[in-house]
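Protein chains get the first letters and strands the later ones, always in sequence-line order, with residue 1 at the start of each. Just so we're clear, the structure is a prediction, and the values are computed from it rather than from any experiment. The figures that follow rest on heavy atoms only: side chains count, while hydrogens, waters and symmetry mates do not.
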2 protein chains.
Amino acid sequence: MLSEFDLIKQFFKRDRPGRADLGIGDDCALLTPTPGFQLAISSDMLVEDRHFFAGADPFMLGHKSLAVNLSDLAAMGARPLGFTLALALPAADPVWLDGFSRGLFALADAHDCELIGGDTTKGPLNICITVFGELMPGHALRRDAARVGDDVWVSGTLGDARLALAVAWDELTLSADDHAQAAQRMHMPAPRVALGLALAARPVARAALDISDGLVGDIGHILAASRVGATLDVDALPAGPVLARQDRALRRRFTAAGGDDYELCFTAPVANREAVLEAGRASGTAVTRVGRIEAEAGLRFVDAHGASVDLKLSGWDHFG
Amino acid sequence: MLSEFDLIKQFFKRDRPGRADLGIGDDCALLTPTPGFQLAISSDMLVEDRHFFAGADPFMLGHKSLAVNLSDLAAMGARPLGFTLALALPAADPVWLDGFSRGLFALADAHDCELIGGDTTKGPLNICITVFGELMPGHALRRDAARVGDDVWVSGTLGDARLALAVAWDELTLSADDHAQAAQRMHMPAPRVALGLALAARPVARAALDISDGLVGDIGHILAASRVGATLDVDALPAGPVLARQDRALRRRFTAAGGDDYELCFTAPVANREAVLEAGRASGTAVTRVGRIEAEAGLRFVDAHGASVDLKLSGWDHFG
């Protein structure tokens, strides 16, 4: 039986010089932020049967556990520094740990984000990551920063993850190829870190957040924090390649209120349209203008012709 | 039914100016460390039936969840800044949440440590806290810093928490008063933050860690990291007031290899004996000299007369 210390040593401790002054193995990790920078910190907890299915592929789960946290840094415009991992496991299964740690480190290395500490314990499978990044003071893309007249943008495409979930829930069927493509979006989201950095650089954008519980629910946080409203063009919402081949009603529903998208929704002054497009190009991330921030509270939808559309949708409540 | 956002607003969001530049409610919290200081970061995950009993008092659980994390900062000699809380709950029970949050904030406020963010989700009860502190570069009390000839010290008293556990496990019985006193030690540990700060100030101490899995197991981490050995006087180990009234064999066993003590074990040069005692007085924490760091690897025990004692003991392995 693998002990707690062997488990950490075998799967999580790495012999390479890192950004941290002191990494895994002491009471605390030690980290010196770049002088003059501000720390950005976020925690996400992933629970079996809530955020992933029992028996989920451990490599993809390792990827996704860190991806959802990096997505929060991206939404703030912060550069990743490191993360802690707290892990409750029903058993110390070497096959599972090997896959999980490989998926985790593949993404961590791609973003130069170092595992600096954590905790392992026995218990129902639970993955809790806290991630640290840094940014220039005043450059954070805060939810309360949207201004009337701002464009509303989203990155990448929406809804394919929700489509994969619909298959899992027997709401619809897809061809094997389509399902595989949609499932890839659900299991292996790509956190938009490079785009977030580009948007925070000047800064180009004002408010931002990452879309995890569906655009409709999540944009509501920007509107509430900024005390504004918005109108979105439902037909401008960029559908994932698989969803784009579905009928219009489904496209509208799953782009507007899908879930697990991990794209950025952000606002920017009209004067920055070209700068936003350039940030998208520089970061290799599609950006699509989907609406406008308005003084009137609430969220309204129009179609491609500007006609009002009534979408009865809401975001995901973890206790609903 | 309490929604996720109502739950956070009602029990965890506080309307008071804090140390953080941005607290709960955005994708990330923002925090500016004191210029020139180093960050200390630690995560601990508490799982029902592993770290606490099902039905545990929520106020005490809120206290203990943060206490074990602050204890890690104390062991490094860091000053608390803030923490994130990720919480998986079987249900959003307002009575439980009220007690838990009161216990949590009572301790947080006592240490001026601000809740800056986190996550809540539905799932088997799991409490994951990541805590942030800061200290002067070079002053951290690291596990690899013990030197041959150093004194070994422990703070406070050991073993009363283990005694309470023994009652819970039907290993022995105690009077109601004794049980209540021992249980208080198990449920409401006092993190030795002030002592850790005093020991790191000059610094007075060299190596330190917090004793969570029993002194014998935990001091092994200092010995391994520092490539040294130690001899401890088992009869010098300070027993808690309840344990002090038990027989010698039990006293030795539960002080040397109890668990849940959350006291500090640290080493310091012989020349700093008076400074260690002064750090204890200044922080209102008892400190007891219990042994010596030696060149010979391994951990040895002697009794009050210096005669060798064979204690067959080991620490707590979470996957054992």
Side-chain angles (χ1 to χ4, degrees), chain A residues 1-5 7 21-22 25-33 35 38-45 47-51 72-73 75-76 78 84-88 91-92 116-124 126 128 130 132-133 137 140 142-144 208-210 225 317-320, chain B residues 1-5 7 21-22 25-33 35 38-45 47-51 72-73 75-76 78 84-88 91-92 116-124 126 128 130 132-133 137 140 142-144 208-210 225 317-320:
Chain A
M1 183 62 180
L2 208 58
S3 81
E4 183 181 2
F5 301 107
L7 182 164
D21 304 316
L22 183 64
D26 215 305
D27 294 286
C28 295
L30 297 175
L31 186 69
T32 308
Q38 202 173 29
L39 270 182
I41 300 166
S42 184
S43 283
D44 270 302
M45 179 176 265
V47 175
E48 191 171 71
D49 290 329
R50 193 82 190 166
H51 301 93
D72 285 315
L73 289 185
M76 217 70 190
T84 60
L85 167 68
L87 201 52
I116 59 171
D119 193 14
T120 55
T121 186
K122 193 166 176 160
N126 185 306
C128 181
T130 304
F132 317 96
R142 295 167 54 140
R143 297 182 177 188
D144 61 4
L209 49 60
D210 77 320
D317 175 3
H318 285 286
F319 288 95
Chain B
M1 182 64 178
L2 209 56
S3 81
E4 183 181 0
F5 301 106
L7 182 164
D21 304 315
L22 183 63
D26 215 304
D27 295 286
C28 295
L30 298 175
L31 186 68
T32 307
Q38 202 173 28
L39 270 182
I41 300 166
S42 184
S43 283
D44 271 302
M45 180 177 263
V47 175
E48 191 170 72
D49 289 328
R50 194 81 192 167
H51 302 93
D72 285 315
L73 289 185
M76 216 71 190
T84 60
L85 166 69
L87 201 53
I116 60 171
D119 193 14
T120 55
T121 186
K122 192 164 177 161
N126 184 307
C128 182
T130 303
F132 316 96
R142 297 168 55 140
R143 296 180 177 189
D144 60 4
L209 50 59
D210 76 321
D317 176 1
H318 285 285
F319 287 96

Practice item. Mind checking the CG-SG spacing from B:L85 to A:C128? Nearest 0.5 Å is all I need. Key: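 Nearest 0.5 Å value for the CG-SG distance: 9.0 Å.
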Practice item. Work out which heavy atom in B:L22 is nearest to a heavy atom in A:R142; give both atom names and the distance. Key: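 Shortest heavy-atom contact: CD1-NH2, 3.3 Å.
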Study note, to complete from the structure: Looking only at heavy atoms, the pair that brings A:M45 and B:D119 closest together is N-OD2, 2.7 Å
Sort out for me which of [options] touches chain A most, counting heavy-atom pairs under 4.5 Å.
| options | answer |
| --- | --- |
| B:V47, B:T32, B:T84, B:N126 | B:N126 |
| B:D210, B:I116, B:D49 | B:D210 |
| B:P137, B:A40, B:S42, B:A225 | B:A40 |

Point to revise | Pick from A:D21, A:I41, A:D72, A:L31 with the largest number of heavy-atom pairs that fall under 4.5 Å of chain B | key: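 Top count of heavy-atom pairs under 4.5 Å with chain B: A:I41.
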Exercise for review: Please state whether the side chain, the backbone, both or neither of A:A78 comes within less than 4.5 Å of a heavy atom of chain B.
Suggested key: neither
Check your understanding: So which part of B:P33 gets closer than 4.5 Å to some heavy atom of chain A, the side chain, the backbone, both or neither?
Key -> side chain
Practice item. Heavy-atom distances under 4.5 Å only: say whether B:L73 touches chain A with side chain, backbone, both or neither. Key: both
Check your understanding: Is a side-chain N or O of B:D26 found less than 3.5 angstrom from the main chain of A:R143, in a donor-acceptor match?
Key -> yes
Point to revise | Polar side-chain atom of A:D27 near backbone of B:M76 as donor-acceptor pair, under 3.5 Å | key: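 It does not hold such a pair.
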